[in-house]
Protein chains: 2
Amino acid sequence: MSGWIAIAGLGPGDEALVTPEVTDVLGQATDVIGYIPYVARVAPREGLNLHPTDNRVELDRALHALQLAADGARVVVVSSGDPGVFAMASAVFEALEKHPEYQDTDIRVLPGITAMLAAAAHAGAPLGHDFCAINLSDNLKPWDMVEHRLRMAARGDFAMAFYNPRSKSRPHQFERTLEILLEECGPERLIIFARAVSTKDEAIRTVPLGEATPDMADMRTVVLVGNAATKRIGRYVYAPRSAT
Amino acid sequence: MSGWIAIAGLGPGDEALVTPEVTDVLGQATDVIGYIPYVARVAPREGLNLHPTDNRVELDRALHALQLAADGARVVVVSSGDPGVFAMASAVFEALEKHPEYQDTDIRVLPGITAMLAAAAHAGAPLGHDFCAINLSDNLKPWDMVEHRLRMAARGDFAMAFYNPRSKSRPHQFERTLEILLEECGPERLIIFARAVSTKDEAIRTVPLGEATPDMADMRTVVLVGNAATKRIGRYVYAPRSAT
């Protein structure tokens, strides 16, 4: 029996945003591996082994997937959103590089609706012009690099999407992010806090940067920042197709 | 009867990448509006009016959708990929702003798998770290702005995704893009040409920048550029989760 790994994106939460490709591969799986709340989204069934693990053990989880596939298992590694955007796909390739004995593993990545796309859709079209996606966590990169990227993105007048804007262990960084944005973009620039997008807890709030406060974001929030031309029309926020 | 507009993303081509949310809304529609090849992806049925239109008439198309919805139609405006990423969502909000008589229209945006996510998935995980999306067409913005954004993205060491890299009417701009990237990122930086992603014509080719030539991209290509840490492992290309 020949095993494989599919690294699959479950989308931001709503089951209607899971692609048929992902639903199909979950139906073929013998094993599902991932962070506890994502594995909890997969329906249990006879013959399917669920392996929920805690946060911050991405490389162990990836190695476990490689080992299971080598033993013939059909393994789906699940992420929320898209597995290639601040999620498990890079971790699996890192594990593959560290463990060349698994180099012949059949690995596919199955894209998903990443949080910023669902957040943008539910807010209007704030990513309708050139934009950047930045992970604000400094668990895996120096904070100086985050600050530098924020400034480059602002000076290029990119719209921006921030993942992992704020956590209990690093409460001051999002405060600093807002300071930098205010300095670079001014108080009128629109900022959107999209919490728990596409779930029953969804809440979307848009304010000018001058009114934004750090507590508007938490771990379940994706933050979107407009470019210089971004505006409101009724309850929608959008970036015009033409530059200013 | 109360009309509405849903601006829906059909994904990059493969029907297995169309979300159930979009399939469901197409089943409720009375009218489908969009660029000819995208409307051609919607199955005809009794009671469904298809309105395929040519390229570059986005605002006319958006106004038509608003008019039909005002008359009670259930209108789906279709884009390929995600409707909020260089597609129809911004055009509909622009039309709404120009025509305030339609301000009470019920409008929803339904996200889709945008080309760069499918391209990244099929290449490995080249967007696994911070990245930018840039539309290289200067139809709606000055070319100088594109050059400036390329430099800011490179200096921030963002991975990059380019939409509309090259067309017959502007053959020299992608050549200029490659020159700028070579200057800013050096000849070893990896660049991925992903053509017709998720269709039967899919072709993905990765080369170092020093070997990239303008003819590697056409209108059906999404181009991805790695960051300084991006590497190959076997047939995959990925951005490590840690910065260099």
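Small disclaimer: the values here were computed from a predicted structure and weren't measured. Just so it is clear: chains get the letters A, B, ... in the order the sequence lines come, proteins before strands, and each one is counted from 1.
- With hydrogens and angles disregarded, a donor-acceptor distance shorter than 3.5 Å links the side chain of B/Ser90 to the backbone of A/Ala239.
- A donor-acceptor pair under 3.5 Å links the side-chain atoms of A/Arg41 to the main chain of A/Leu10, judged by distance alone.
- Contacts between A/Ala91 and chain B at a heavy-atom distance below 4.5 Å involve backbone atoms as well as side-chain atoms.
- Remark: the backbone N or O of B/Ser198 is paired with a side-chain donor or acceptor of B/Glu202 at under 3.5 angstrom.
- Using a 4.5 Å cut-off between heavy atoms, A/Ile7 does not touch chain B at all.
- Heavy-atom proximity under 4.5 angstrom to chain A picks out B/Ala121, B/His122, B/Gly124, B/Ala125, B/Leu127, B/Gly128, B/His129, B/Asp130, B/Phe131, B/Cys132, B/Ala133, B/Ile134 from residues 121-134 of chain B.
- Contacts between B/Tyr236 and chain A at a heavy-atom distance below 4.5 Å involve the side chain alone, from C-beta outward.
- Checking side-chain atoms of A/Arg74 against main-chain N and O of A/Gln28 turns up a donor-acceptor pair under 3.5 Å.
- The existence of a salt bridge linking A/Glu94 and B/Arg241 is confirmed by a sub-4.0 Å separation between a basic side-chain nitrogen and an acidic carboxylate oxygen.
- Comparing B/Arg108, B/Arg149, B/Met152, B/Arg155 by heavy-atom pairs within less than 4.5 Å of chain A, the highest count is held by B/Arg149.
- With a 4.5 Å cut-off on non-hydrogen atoms, B/Val85 touches chain A through its backbone and its side chain both.
- Judged by distance alone, with hydrogens and angles left aside, the side-chain atoms of A/Ser79 form no donor-acceptor pair with the main-chain N or O of A/Gly9 at under 3.5 Å.
- Counting heavy-atom pairs under 4.5 Å between each of B/Met160, B/Lys231, B/Met88 and chain A puts B/Lys231 at the top.
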